S.K.: 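Input: one structure, supplied below.
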Amino acid sequence: MASSASTNTPVLNGIAAAASGLEGFDPAAGSLRDFVHTRPQRVEDRAADFEAWRSARENVGYWPYAKYLVEPPRATTTLQHSDGSRYSGVNFATQDYLSLSTHAAVKAAAAAAIERFGVHSAGSMALAGNVHESLALEASIADMLQMKHALLFPTGWAAGFGIVKGLVRQQDHVVLDALAHNCLQEGAMAATRNVYRTRHLDLAHVHSTLASIREKDAANTVLVVTEGIFSMDADAPDISALQAMCRHFGATLVVDVAHDLGCTGPGGTGEIGLQGMLGEVDIVMGSFSKTFASNGGFIATNRTAVKEFVRAFAPTCVFSNALSPVQVAAVGTAIAIIRSLEGEGLRKRLSVAVAALRDELTTCGFALLGKPHAIVPMIVGTEAVGRRAALEATREGVLVNLAEFPAVPIDRSRFRLQVMSAHEPEQCRAAARAIAKAVARSSAAGFALS
Ligand SMILES: Cc1ncc(COP(=O)(O)O)c(C=O)c1O
């Protein structure tokens with residue numbers, strides 16, 4: 001392998017060892033970050049260095065992208081790993097919080113849409129990619145949030161990137177919670193160099209940041225960006241305090257409700273509903289991929305002008321195909337269920353399953369983050385223990401995902417367990433005990449890969 005990458009970090013030394021067939025390479029060490037700023041002459045060499053590390057991880061079963069579903073993402077399912085081994089078990093590895101992706105009515109609506117329109121959207125929104133039902137879906141999302149308008153995007157990522165990049169110009173400012181999702185961070189960095197990351201959920205820090213921006217620049221736009229429920233920590237900001245601050249400083253608030261809309265709050269209205277802020281937030285942005293049984297995203301606003309401006313200037317709206325009629329039909333039916341009595345029942349079931357899982361994990365001695373929610377973040381520890389434990393848990397019949405550095409701080413790797421309404425409380429308790437066994441085995445003194 002031709003490589004001009006620096007070898008002055010432990011992981012790259014490890015890679016050099018692996019590449020030359022020496023012993024001692026550690027697939028439990030290192031992170032994606034080690035490969036971002038290597039300085040080879042040719043980009044192929046950067047990729048080759050990364051590949052040496054990645055394939056070593058895959059060979060021992062530590063590579064997250066090397067697994068796929070061979071059954072629907074139900075409460076129990078089967079994953080296949082790239083070496084051909086199959087693992088069946090309790091599924092906390094996929095996100096379908098109200099179990100709507102396999103709901104009979106949702107599947108029937110999708111099938112009917114295929115009959116009517118075929119399987120594809122035939123262009124971007126500007127090129128007749130929408131169907132009448134797309135507009136009806138926008139109206140029903142807006143109605144759910146008590147906002148006047150909504151605008152669809154092909155994915156939640158596209159909505160997050162698009163809302164920031166579409167609204168913000170070089171001279172403007174974006175203030176982000178440090179844990180805001182990648183789509184929001186990337187949108188901010190693509191739009192301006194004036195990006196400020198505030199300490200997670202720290203209102204005082206947002207306040208002082210806004211004050212110092214306004215001291216220097218009273219003229220330009222400031223966007224403040226947060227999430228309804230944070231996807232790695234399952235905690236929520238004080239939305240009303242942030243909105244009040246934005247009004248005070250002449251800033252605009254964006255709240256990403258990807259993980260809470262539909263699965264929490266009165267009528268599924270998420271944290272905004274729970275906090276009594278329906279219709280009051282400047283801009284709401286969300287994804288359908290967690291609770292609404294489809295890929296897709298949206299933004300919602302009370303102003304026609306903002307909707308049309310975003311439609312025209314968000315690159316992910318202008319230059320990407322519209323949501324397909326099949327996706328539109330699935331989401332439309334999911335919303336109807338979410339807002340019905342059946343939806344209330346599903347949310348109740350979900351909260352009972354979450355309570356059982358959190359309770360048993362706590363009894364087993366684990367530190368959990370956040371509040372009771374479909375995401376249950378459970379601290380495992382170092383990346384080495386986390387990687388091993390994720391594999392061990394899978395072998396124990398509990399399918400989990402590991403969130404590790406740089407997505408979360410170093411040595412704070414965690415299982416991001418994602419619960420759904422189809423999980424039974426007893427199943428969750430048994431799974432928690434199996435996880436405890438897997439982590440204990442992975443932390444044992446004999447296990448010393450790192
Ligand atoms: C907070 C948050 N926003 C946006 C997204 C992107 O959503 P999608 O998966 O629909 O692209 C995600 C998904 O990971 C998310 O967690």
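None of these values were measured; they are calculated from a predicted model. In what follows, every heavy atom counts, from backbone to side chain, and hydrogens, waters and symmetry copies are set aside. Both ligands and their constituent atoms are indexed starting at 1 by order of listing.
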S.K.: Just jot down the ligand 1 atoms closer than 4.0 angstrom to any heavy atom of Cys183, in number order.
M.R.: 4 (C)
S.K.: Atom 9 (O) of ligand 1: which protein heavy atom is closest, and how many Å away?
M.R.: Ser289 OG, 3.1 Å
S.K.: Is a side-chain N or O of Asp172 found less than 3.5 angstrom from the main chain of Thr221, in a donor-acceptor match?
M.R.: yes
S.K.: On a heavy-atom basis, I'd like to know which of Asn295, Ile229, Asp256 is closest to atom 1 (C) of ligand 1.
M.R.: Asp256
S.K.: How far is atom 16 (O) of ligand 1 from the closest protein heavy atom, and which atom is that?
M.R.: His259 NE2, 2.6 Å
S.K.: Is the positively charged end of Arg54 above the ring of Tyr65, judged by distance under 6.0 angstrom from the centroid and angle within 45° of the axis?
M.R.: no
S.K.: If we only count heavy atoms from C-beta on, is the Arg414 to Leu402 side-chain gap below 4.5 Å?
M.R.: no
S.K.: How far does CZ of Phe292 sit from CG of Leu137, to the nearest 0.5 angstrom?
M.R.: 9.5 Å
S.K.: If you have a sec, work out which protein heavy atom is nearest atom 13 (C) of ligand 1 and how many Å separate them, to one decimal?
M.R.: Lys290 NZ, 2.5 Å
S.K.: Report yes or no: does Ser442 contribute a side-chain atom to a donor-acceptor pair with the main-chain N or O of Ala438 at less than 3.5 Å?
M.R.: yes
S.K.: Checking the N or O distance criterion of under 3.5 Å, is ligand 1 in contact with Gly156?
M.R.: yes
S.K.: For ligand 1, find out whether one of its N or O atoms is nearer than 3.5 Å to an N or O atom of Trp157.
M.R.: yes
S.K.: Is Arg416 in polar range of ligand 1, meaning some N or O pair under 3.5 Å apart?
M.R.: no
S.K.: Are more than 12 heavy atoms, taken from residues, nucleotides or ligands other than Phe319, located less than 6.0 Å from that residue's CZ atom?
M.R.: no
S.K.: Suppose we measure from atom 12 (C) of ligand 1 to each protein heavy atom; which comes out shortest, and what is that distance?
M.R.: His181 NE2, 3.3 Å
S.K.: Just which atoms of ligand 1 are under 4.0 Å from any heavy atom in Glu227?
M.R.: 1 (C)
S.K.: For the residue pair Phe161 and Trp157, categorise the inter-ring angle as parallel (less than 30°), tilted (30 to 60°) or perpendicular (more than 60°).
M.R.: parallel
S.K.: Taking the side chain as every heavy atom from C-beta outward, state whether Trp53 and Phe35 have any pair of such atoms under 4.5 Å apart.
M.R.: yes
S.K.: Quick one: does Glu227's side chain have a donor or acceptor within less than 3.5 Å of a partner on His181's backbone?
M.R.: yes
S.K.: Have a look at ligand 1 and work out which part of Ala159, if any, has a heavy atom under 4.0 Å from it: side chain, backbone, both or neither.
M.R.: neither
S.K.: Give a yes/no on ligand 1: does Gly160 have at least one heavy atom closer than 4.0 angstrom to it?
M.R.: no
S.K.: Are any of the N or O atoms of Ser287 closer than 3.5 Å to those of ligand 1?
M.R.: yes
